[in-house]
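First the structure, in the form of structure tokens, and then the observations on it.
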Amino acid sequence: MNRGSSLIELMVALTIASILLLGLYFMTAISSKKYTDLREGYLCMQSIRNTIVHLNHDLVQCAYLLPQDMKVLCQDNELFIAGLPVTSRHSGLEITGSPPYYSKILSCSESAMRLDTIDIDHDSTPDFWADLGIITGTGAYTINHGYSRGNTCIALCSSVRPQAGERAVPAIHYELKDDGLYRNSQLLAENIGVFTASFDSHKIQVYLKAIYNETQRELQFAYTLQ
């Protein structure tokens, strides 16, 4: 003769099922948090890695044609590295003529300056273009986005003016903004929240902190310019 489950047996079964479900829930929650932490850490490290790769490349080719005293300039959350980025339209600086490998500032007007040449390596290709930086004898500036490549009159994103007679070289421009680290006005690493750089003699020191939600990763490195 078959008999149904008693109330006690049903309660025991429900208790066991509840314990199993609760354990499964906690295991899922722990796994989910572990995955989230790993993913956020990975995104932070990717931002740091991408920044270091570009910085290292720019520093390796840093101004090997340019004046030794105008290689790097740091100010606030900005870093200027003398030289040119290699792009599909430009192969970077090349040794094709004789020094000097810099321009001279002929005159300055409000937020603009006129150079004696925009081809410092004598390869018949303009070496200054919009959104790049410029290092002069007294400071560093960013070229206005509306600048037309090839024009010896260069508009600057600054009301501070350099002086006529100063030397000027093109520079790769790093700048930390609210939404990440930019290189030549293009977003390079969106998770970089802290970016500081200092330059002393031939050594540059850079500190990076990547932040994604509550996850943070940081790196500090030094590079000696040759």
Side-chain angles (χ1 to χ4, degrees), residues 32-88 90 92-93 127-136 138-145 156-158 160 169-226:
S32 177
K33 187 176 187 309
K34 186 67 174 177
Y35 169 77
T36 299
D37 291 343
L38 289 174
R39 179 176 178 274
E40 292 178 356
Y42 170 79
L43 292 175
C44 287
M45 292 308 300
Q46 277 294 92
S47 289
I48 291 177
R49 178 184 179 278
N50 196 32
T51 301
I52 292 301
V53 167
H54 283 82
L55 276 172
N56 182 70
H57 183 272
D58 294 337
L59 289 168
V60 166
Q61 67 92 43
C62 174
Y64 66 100
L65 300 177
L66 308 179
Q68 296 299 304
D69 60 337
M70 300 175 68
K71 285 192 171 185
V72 174
L73 195 146
C74 309
Q75 54 187 34
D76 298 329
N77 290 327
E78 296 179 276
L79 170 64
F80 295 82
I81 303 174
L84 285 175
V86 177
T87 69
S88 59
H90 203 292
L93 295 174
D127 296 324
F128 297 86
W129 61 81
D131 300 321
L132 281 183
I134 292 181
I135 296 177
T136 71
T138 56
Y141 311 88
T142 306
I143 301 176
N144 190 286
H145 184 71
L156 304 175
C157 297
S158 172
V160 179
V169 296
I172 299 167
H173 176 221
Y174 288 84
E175 182 180 10
L176 182 65
K177 299 183 180 180
D178 292 339
D179 56 342
L181 182 64
Y182 282 72
R183 178 177 180 264
N184 298 329
S185 293
Q186 295 184 341
L187 183 60
L188 174 65
E190 61 181 346
N191 296 316
I192 297 297
V194 179
F195 173 74
T196 59
S198 60
F199 184 64
D200 181 20
S201 184
H202 295 287
K203 179 176 289 187
I204 180 172
Q205 297 192 39
V206 177
Y207 172 74
L208 297 168
K209 178 183 284 187
I211 304 171
Y212 191 98
N213 293 335
E214 297 181 357
T215 301
Q216 298 183 9
R217 297 290 186 273
E218 58 185 3
L219 177 69
Q220 185 169 355
F221 76 99
Y223 189 96
T224 302
L225 297 177
Q226 303 299 322

Subject >> Main-chain N/O of Ser185 paired to Asp131 side chain as donor or acceptor, under 3.5 Å >> reply: no

Subject >> Gap between atom CG of Leu176 and atom OG1 of Thr196 - 0.5 Å precision >> reply: 9.5 Å

Subject >> Separation between CD1 of Ile143 and NE2 of His145, rounded to the nearest 0.5 Å >> reply: 12.5 Å

N/O donor-acceptor pairs under 3.5 Å from side chains in residues 209-223, not counting sequence neighbours:
unit_1 : atom_1 : unit_2 : atom_2 : d
Asn213 : ND2    : Glu40  : OE2    : 2.8
Thr215 : OG1    : Glu40  : OE1    : 2.6
Glu218 : OE1    : Tyr207 : OH     : 2.4

**OP:** Look at atom NZ of Lys203 and say whether more than 12 heavy atoms of other residues, nucleotides or ligands are closer to it than 6.0 Å.
**Re:** no

Original post:
side-chain contact (heavy atoms from CB on, under 4.5 Å) between Ile81 and Leu73: does it pass, once the steps are laid out?
Top reply: CA-CA 7 Å; Ile81 303 174; Leu73 195 146; over 6 Å; no

Subject >> Where Asn77 and Phe195 come nearest, the two heavy atoms and their spacing >> reply: OD1-O, 3.5 Å

Subject >> Rounded distance (nearest 0.5 Å) linking atom CG of Asn184 with atom CG of Leu132 >> reply: 5.0 Å

**OP:** Determine the sole option in Asn50, Leu187, Thr51 for which the side-chain contact (heavy atoms from CB on, under 4.5 Å) test with Ile192 is passed.
**Re:** Thr51

Original post:
Under the criterion side-chain contact (heavy atoms from CB on, under 4.5 Å), which of His173, Glu175, His54 is the partner of Arg183?
Top reply: His54

Original post:
Is atom CG of Asp69 surrounded by more than 12 heavy atoms (other residues, nucleotides or ligands) closer than 6.0 Å?
Top reply: yes

Original post:
Checking side-chain contact (heavy atoms from CB on, under 4.5 Å) for the pair Thr142/Leu156: CA distance, chi angles, key distance, verdict?
Top reply: CA-CA 6 Å; Thr142 306; Leu156 304 175; over 6 Å; no

Original post:
What distance do Gln46 atom CD and Asn191 atom CG have between them, rounded to the nearest 0.5 Å?
Top reply: 10.0 Å

Original post:
Taking all atoms of both residues into account, what is the closest heavy-atom pair of Glu190 and Ser47, and its distance?
Top reply: N-OG, 4.3 Å

Subject >> Lys71 NZ to Cys62 SG distance, which is reported to the nearest 0.5 Å >> reply: 5.5 Å

**OP:** Output, in order, the C-alpha distance, side-chain angles, deciding distance and verdict of side-chain contact (heavy atoms from CB on, under 4.5 Å) for Tyr141 and Ile135.
**Re:** CA-CA 7 Å; Tyr141 311 88; Ile135 296 177; over 6 Å; no

**OP:** Kindly determine whether Val169 and Ile134 satisfy side-chain contact (heavy atoms from CB on, under 4.5 Å), including the steps that lead there.
**Re:** CA-CA 6 Å; Val169 296; Ile134 292 181; over 6 Å; no

**OP:** Look up atom SG in Cys74 and atom CG in Asp200, then write down how far apart they are to the nearest 0.5 Å.
**Re:** 10.5 Å

Original post:
Got more than 12 heavy atoms from elsewhere within 6.0 Å of CG, Asp179?
Top reply: yes

Original post:
Given side chains that start at C-beta, do those of Leu225 and Phe199 come closer than 4.5 Å, heavy atoms only?
Top reply: yes

Original post:
For the side chain of Asp58 and the backbone of Ile172, is there at least one donor-acceptor N/O pair under 3.5 Å apart?
Top reply: no

